[in-house]
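Inspection log for the structure reproduced underneath, given as structure tokens.
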Protein chains: 2
Amino acid sequence: MKLSTKGRYAVMALTDLAIYDLKGPVSLRDISIRQNISLLYLEQIFLKLKNKDIVRSIRGKKGGYRLTKDASKIKVSEILYAVEEKIKTVRCIKHLKKGCNGKSIKCNTHRLWDELDNHINSFLEKKYLSELAYRNNIERRL
Amino acid sequence: MKLSTKGRYAVMALTDLAIYDLKGPVSLRDISIRQNISLLYLEQIFLKLKNKDIVRSIRGKKGGYRLTKDASKIKVSEILYAVEEKIKTVRCIKHLKKGCNGKSIKCNTHRLWDELDNHINSFLEKKYLSELAYRNNIERRL
DNA sequence: ATATTCCCGACTGATTTAGTCAACTTTATC
DNA sequence: GATAAAGTTGACTAAATCAGTCGGGAATAT
């Protein structure tokens, strides 16, 4: 069980953005340096974040990205959902006509994974970007 | 974010085993048919389960596998841990000397993933095989 | 003896991951 | 208006992981 780096990078980059957003657009270049993430990879990730309306872009010199809304309104689940294809831990539901064990019924453990997904999502739904940014600010000051 | 089928199959197969274990060893062949999982793949999985002392094997004709302890004592977390390489959602901790962002400090979001892991584990630690077997027995009767 | 079962390491094709590359367009500033 | 700094987009790729398969065992009930 694992999260791809794409998801992790997205949250890292947006936390960074939340901290530096105050003064104006933040370039991916800066985020790339501060967070040590490949610039070209970040571009890919921000494209997705833009499509999901989590950030907006300002082109040209002095351009960059900004959050579309306050960090206290952006959930971690929302970010992961934007860049990861799926949060579901298990793909039990490929063919609806056949059950997930290839038979006509649901597999043995279907309900367990449903519950697990709910459990994970409820955690990620409660985490807001502002919390991460705040926490990070504190830690940097120490 | 996803769980590999190996983990899912392991839990499915052990749930099946927990149900049929009562009368004596259960062959992988039977489990394979009932759960629709490749026999050869199951062999691989059960090797791991055996090494972690979750099941024991009885060789030869009429042989098969049995649980080493009561299903009410086997946690789902234990099963996943046996067959999956890791339950940690994020590998932030590759190089201990460098932080997980390649710098000397931990990444932005390190604590978040730690919390997420704890959250997931605490769920899986509370789930016992007996519950799945029981639930499944009920459902089959309907 | 033989069929049935577990044992174990090596192998493989497909998919996903984690990026890279090239060639744009837009805009601020000199 | 030239130029540099930024975002835009699609195609490409090396490496790793996944989801099994294969082959040749060894043990045991009948």
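Reminder, nothing fancy here: chain letters follow the sequence lines and each chain counts from 1.
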CD1 (A/Ile31) and CZ (A/Phe46) are apart, to the nearest 0.5 Å, by 4.0 Å

Regarding the side chain of B/Arg59, the nearest nucleotide among D/dT8, C/dT17, D/dG25 is D/dG25

> Is it the case that more than 12 heavy atoms not belonging to A/Lys73 sit under 6.0 Å from its NZ atom?
Replying inline: no

B/Asn51 atom CG is separated from C/dC6 atom P, nearest whole Å, by 15 Å

Taken to the nearest whole Å, NZ/A/Lys50 to C1'/D/dA6 is 12 Å

Charged N to carboxylate O under 4.0 angstrom, A/Glu84 versus A/Lys2?
no

Taking D/dA19, C/dA28, C/dC7 as options, the one with an atom nearest any side-chain atom of B/Tyr65 is C/dC7

dist B/Leu14:CG -> B/Leu67:CG (nearest 0.5 Å) comes out at 6.5 Å

B/Tyr9 OH to D/dT21 C1', in whole Å, measures 14 Å

From CE of B/Met12 across to P of D/dA19 the rounded distance in Å is 13 Å

Here the distance between atom P of D/dT8 and atom CD1 of A/Ile45, to the nearest Å, is 14 Å

Result for 5'-nearest mapping on DNA chain C, choosing between B/Ile58 and A/Gly63, is B/Ile58

Side-chain N,O (A/Ser57) to OP1/OP2 (D/dT8) below 4.0 Å: yes

| request: Give a yes/no answer on whether the side chain of B/Ser38 brings an N or O atom under 4.0 Å of OP1 or OP2 in D/dA19. | output: no

To the nearest angstrom, the CD1-P distance between A/Ile31 and D/dG7 comes to 8 Å

With the side chain defined as heavy atoms from C-beta on, B/Lys2 is closest, among D/dT21, D/dT8, C/dT17, to C/dT17

Walking DNA chain D from its 5' end, the first of A/Glu43 and A/Lys62 to be reached, judged by nearest nucleotide, is A/Lys62

Is the closest basic N to carboxylate O distance between A/Glu78 and A/Lys69 below 4.0 Å?
yes

Has A/Tyr41 got a side-chain N or O lying under 4.0 Å from the OP1 or OP2 atom of C/dT17?
no

Taken to the nearest whole Å, CD/A/Gln44 to P/D/dG10 is 12 Å

With a cut-off of less than 4.0 Å, is there a side-chain N or O of B/Thr5 near OP1 or OP2 of D/dA19? yes

note: B/Leu39, atom CG; C/dT5, atom P; distance rounded to Å ~ 10 Å

Checking C/dC7, C/dT16, D/dT9 against the side chain of A/Leu47 (C-beta onward), the nearest is D/dT9

